[in-house]
Structures are given as C-alpha cells and as structure tokens.
Amino acid sequence: SLLLSSSSHYLPPQGVKLSYGTAGFRADASLLHSTVYRVGILAALRSLKTQSMIGMMTTASHNKISDNGVKIADPSGGMLSQQWEPFADALANAPSPQDLVQLINEFVKKENIPFSGARPAEVLLGRDTRPSGDALLKAAKDGVTSVIAAVAIDMGILTTPQLHWMVRARNKGMKASEHDYFGQLSSSFRCLMDLIPGDKSTFGGINDKLVVDGANGVGGVKLKVLEKLLNGLIIEVRNSGEDGGILNEGVGADYVQKEKVVPHGFGSKDVGTRCASLDGDADRLVYFCVSSESSSKIDLVDGDKILSLFALFIREQLRILNEQEDMKNSYQARLGVVQTAYANGASTNYLRQLGLEVNLTPTGVKYLHEKAAEFDIGIYFEANGHGTILFSESFIGWLEATTDKLSSGSKGSEVEKAALRLLAVSKLINQAVGDALSGLLLVEVILQHMGWTLDRWNELYQDLPSRQLKVKVADRTAVVTANAETVVVSPPGLQEAINAEIAKYLQGRSFVRPSGTEDVVRVYAEASTQEGADSLAYSVSKLVE
Ligand code: 16G
Ligand code: ZN
C-alpha cells in the first residue's frame, strides 16, 4: 500500500522510546523524522474521526534550538484528546512499517474511523523558527498525505497559539488566516482602549514603552507585525532572532522565570522600564523589571500575578453588571480561577481573599484548561506564564444579547461598557490555548485601565520565597502523587517525612512530582525566608534521592 511504501522512508531511530507526554513528542531534532511523519498520519486519522480540521505544530517551545517536537491541536483548538495519547505513543514506537500498518488498521477498526463517504482529512501545519523545522515539515506532509485523500495545509512559521487559534476558528466556520488573527486581536485591543474611563488616562504615565524579549523565536517577529496595527502602545522588541541571537539561549520566559535574572540584551539601562519576556513558541508570558543598576537580578511578575490582574479586572466588570438593579439575577456568571501546586502560596491567598474560587489541578495545560472550561469565566495560569481566560458559550450569548439590547436604550451606560469590555476580552484572549501575544495586549490594556505601573501591579501581594530543585533518581515513576500533585501516595512514608520537614519552617510548603518532560523528580519548596525555602527544598530532595 501507499502507507507501507511511504513509511519505509521514515524508519524510527533504534533504541529511542518516545512518549507523547504533557506537551507532545520532544527530542533532539535528528531523532524526530519518523515521529513527525507518524504524527502526520495520526493527525489525518483524528481529522477523519472528528470530521473536522486538525492542527499539527512542530516546535520544542523553550527547549534548546537543536531539539524539536510535535503536537496536535484538536478541533476545539485545545490539546489532543487524552484518549488518543496511548495510540500516539504506540504509533511513534512501532518498530517496522509492517507493525505500523497493522497498528493503524486495528486502531481504525476499533475507533470506527470513517474512510468512504466521509469528508476527507484536513490538517493545518505550523512550525516555529527552528532550522530543523523545514525538513520536519516535509515529514509531516508526507505523513498526512499517506492517508487517502487527506490534505495538508502549510501555514508556515507561526506561534503555537496562532495555530491553535486558526484550527478553532476554521472549525467554527470563521475566517482563520494570520491576517484574521491579527485583525481580531488588534480590534478587540482598541475596543478595550476606547472603553477606558476618561478620568484614568492621566494617571501613572503608562504611555511609556514596553520592552519585550522575544527569546530569539517566532514571538518577537509576530509582535512587530501586530504592533503596527495598534495605537497607543509603543513596543520595543529585543531578541527577535534577527540580530544573530540563538533561540532560548540566555533569553526567553522560561529562562527569566526559572533563573530570575535579566535575559541577554537587558541590563542597567532598563531600570524602571516595564519589560516582558516570551518563550520560544510564544505560548508563555512573564513580566519583569530590572531591580538595580549594579546586578542582573530582576523583579519577576509571573503567571500567578498575570492571573491576579486578569481576575481583578474581570471581577470588577462582573460587579458592575450585577450591581445594576434591572440586571440582577439575569445571569449569575460563575467565575473560577485555576492554578497548579507551583502557584506561589501568596497568590492563592490573595485570590481567595478576593472571594474567588481557586481550583488546583496537576501540571500541564490540558488539566488546567479542562477545569477552567467548567466556569462561565475560567481563568487559568501556570506560574511559568502559560494561561488564558475561557468564556462559556452561554455567557457570551448573554453578553451579546445584553449589549444589543442596551445599545438601543441607555447609551453608554456603565453596564453596557462592562458588558462590552467582557466581550472584547473574550475576543482578545485566545480561547484555544495560552497565548503570549494576546495575553500581553490584555495586560497592557488593563494596566492602562487601572492607571497602574508595573510596580503597582507587582505590589498586589508579595511572593513567598521559593526554590525549585530537580533530583535524578533511578525510576521517577516510583513517585506517585494525588490531590493535584500536592501529596505523595507512593513510596509509602515519603509524604510523612516531607511533612516533618515542612513543620520546621514558618509558612513552609513543599511537594515533589515526577517531571513530565525530563527524567527527574522535581522538588518545590516555599517558606517565609529565602534561606528557609532553600533549606526546605534541599532537605526534601535528600528524602527523594
Ligand atoms: C509542559 C506543559 C506545561 C508544564 C510543563 C511542566 C503543556 C502544553 N505544556 O511544557 O504546561 O508546565 O510541561 O514540565 O502542557 P515538567 O513536567 O517537566 O515539570
Ligand atoms: Zn512554549
């Protein structure tokens, strides 16, 4: 068959076992040709099964430039259904073309995947700026088109969230080019700017520029295009990759958040400037400012604080809607926030003090996203800067009906403005997946709305000192956790030992979990002082060894 002959060009590397994991397949790019080819097949099958457009993104995000990776966007624009992950693993690891064909035939039968009389498979392909992306793109196309009548549509170099956005838009019957993406982001941004209360515009002097570290990846380049469509926001992009810097090397959101130092290209000249950093495929965003002229230390404004800013703004708009006499009880929108155990304890306290429902899930976007989707407005963020705000269809419908009704009556009322703001947020913020570009625009417009500087925002609460360590162990799967990774259930006795350590520290908190992306166990600790956090992390890592 066609499949048998084409797959013989993509034999898997020997002795390498790949796993779809939390973020798709990732490895040194030279090992991935057969994997990407096979994920192309999977994408086409997924498209047939769902009778929808599927996305396939080639990226290794914040990992080093010689790595690459591949992941699937489901019809909603979200992550691949977890039910298909075991098939992805089996597919990637099938030793020979014959095994591969047999595996596919069995799966097609089991899943009842329609071939004849059905709409042919369509797969949107995107990739980041990695040099290995070109050859892997060919493997992806070959994989997709080895399935009968399947079509691969190459969208070129994109951020990961752009591709997810396009898949979602296409499946909703909307226009889904890059031009449409930029159009939607910039018009909803301008709409929010126009709705800023007049008396606030003189506060704060926020009209200074924002300086963005593009991680030498795709995000900085796209941001430069986007910036031209905005007015009232001046952005300087550094580390755009156009000046010889290397992707993710001493730059980017992952580096800045983990190391808490300035990225390359930033320094004493930037003291007092509002800075932001994207990761290599622009699905993570953190803010920071350079602490002092003499050191490379930064004040980090992480995903938890972005979440807090968003939550404050949304809560305020909901309050305006609910206070209005005639609006009462018309729609009690449920607002929920979702974090992981890595969220700084001070952020969780702060959010609870605001009266918000805070939910914890295990690490990984698919878990946070799924939980957030249970609310009318669900805000999720990982501390590392990946997150977004999800709006329920029914609440969007209500907002649309309400703004229609109001625009004929009480023109320009506070209620109408609040409803219009929420609608604009739902269009600005990526509904498919965390998106650094749309997140950045929302942060900027909220700061302007509040009349806040970066410092004022950063003062919402003060982070507890924390420390992360990784421990190499013989078998990391021996560590099994429960309750959103906050307790160890196996090996027996480990949690009790951790508890005993925690008890020695003021505001102590610590947990361990096996990494989903590296062969290590991760240790997290928090305490009232940095010395305390360091020593708690150290003693817990000794327990894990
Ligand atoms: C992946 C996840 C990210 C998570 C990280 C944790 C997605 C798309 N990405 O990058 O959400 O924070 O893994 O890595 O789910 P770890 O398991 O090695 O700590
Ligand atoms: Zn990323």
Side-chain angles (χ1 to χ4, degrees), residues 19-26 55 57-65 67-74 77-82 85 126-130 158-164 213-220 222 247-248 251-258 277-286 302-304 307 338-343 360-372 380-388 430 432-437 439 468-473 476-477 479 481 484-485 511-524:
S19 153
Y20 194 81
T22 41
F25 294 109
R26 269 187 213 177
M57 182 72 194
T58 300
T59 176
S61 183
H62 57 278
N63 294 140
K64 57 181 190 283
I65 188 164
D67 283 357
N68 216 326
V70 60
K71 58 186 168 187
I72 296 288
D74 245 7
M79 303 292 157
L80 172 67
S81 160
Q82 290 169 49
E85 284 181 14
R127 64 183 183 92
D128 70 13
T129 53
R130 286 178 160 77
L158 296 175
T159 73
T160 295
Q162 279 185 312
L163 182 76
H164 285 257
D213 157 30
N216 292 318
V218 57
K222 301 294 183 189
L247 177 70
N248 297 334
V251 294
D254 191 65
Y255 176 78
V256 167
Q257 190 242 347
K258 294 238 166 72
S277 190
L278 320 175
D279 78 337
D281 61 342
D283 65 350
R284 289 192 196 174
L285 169 71
V286 296
D302 64 2
D304 303 337
L307 184 151
V338 186
Q339 301 188 305
T340 72
Y342 286 111
L360 282 197
T361 71
T363 302
V365 173
K366 58 192 173 193
Y367 303 113
L368 289 118
H369 190 98
E370 185 174 68
K371 188 70 199 173
Y380 71 88
F381 261 89
E382 294 190 301
N384 64 26
H386 186 109
T388 193
N430 196 319
V433 69
D435 180 340
L437 299 186
Q468 283 200 54
L469 295 174
K470 40 186 179 181
V471 186
K472 287 228 184 285
V473 295
R476 74 185 199 276
T477 62
V479 176
T481 64
E485 302 173 327
F511 68 94
V512 305
R513 54 175 281 277
S515 160
T517 65
E518 271 182 80
D519 192 14
V520 295
V521 171
R522 295 198 195 281
V523 175
Y524 178 91

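All residue numbers in this chain count up from 1 along the given sequence. Ligands are counted one by one from 1 in listed order, and the atoms in each one are counted from 1 as well.
- For a distance threshold of 2.8 Å, the protein N, O or S atoms nearer than that to the Zn ion (ligand 2), listed by chain and number, are Ser61 OG, Asp279 OD2, Asp281 OD1, Asp283 OD1.
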Take Asp67 and Arg26, measure what salt bridge (charged side-chain N to carboxylate O under 4.0 Å, His left out) needs, and give me the verdict at the end.
CA-CA 7 Å; Asp67 283 357; Arg26 269 187 213 177; over 6 Å; no

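- Of the polar atoms of Thr517, at least one N or O is found under 3.5 Å from an N or O of ligand 1, judged by distance alone.
- Residues that satisfy the ring pair (Phe, Tyr, Trp, His ring centres under 6.0 Å) test with Tyr255, not counting sequence neighbours, are absent from this structure.
- Distances between N or O atoms of Ser515 and those of ligand 1 include at least one value under 3.5 Å.
- Heavy-atom contacts of Asn384 reach the following atoms of ligand 1: 12 (O) (cutoff under 4.0 Å).
- In the vicinity of Arg513, heavy-atom distances shorter than 4.0 Å reach the ligand 1 atoms 16 (P), 17 (O), 19 (O).
- Remark: minimum distance from atom 3 (C) of ligand 1 to any protein heavy atom is reached at Glu382 OE1, 3.3 Å.
- Of all atoms in ligand 1, numbered sequentially from 1 with element shown, those under 4.0 Å from a heavy atom of Thr363 are 4 (C), 6 (C), 12 (O).
- Asn248 contributes atom CG, which lies 6.0 Å from atom CZ of Arg130 (distance to the nearest 0.5 angstrom).
- Under 4.0 Å is where a charged nitrogen must lie from a carboxylate oxygen, and between Glu85 and Lys366 at least one such pair does.
- Considering only non-hydrogen protein atoms, atom 2 (C) of ligand 1 sits nearest to Thr22 OG1, 4.2 Å.
- For ligand 1, the atoms closer than 4.0 angstrom to any heavy atom of Arg522 are 16 (P), 18 (O), 19 (O).
- Taking every heavy atom of both residues into account, Ala253 and Ser277 meet most closely at N-OG, 3.1 Å.
- Residue Lys258 qualifies as enclosed at atom NZ: its count of foreign heavy atoms under 6.0 Å is above 12.
- Heavy-atom minimum distance, Pro362 versus Tyr367: O-CB, 3.7 Å.
- An N or O contact shorter than 3.5 Å is missing between Ala23 and ligand 1 by distance.
- Not a single donor-acceptor pair under 3.5 Å links the side chain of Asp279 to the backbone N or O of Gly252.
- A donor-acceptor pair under 3.5 Å is formed between the side chain of Thr388 and the backbone N or O of Asn430.
- Of all the atoms in ligand 1, the ones that sit under 4.0 Å from a non-hydrogen atom of Val365 are 7 (C), 8 (C), 11 (O), 15 (O).
- Within the 3.5 Å criterion, the main-chain N or O of Asp281 finds no donor-acceptor partner in the side chain of Asp128.
- Although no hydrogens or angles enter the test, the distance criterion places no donor-acceptor pair under 3.5 Å between the side chain of Glu382 and the main chain of Gly387.
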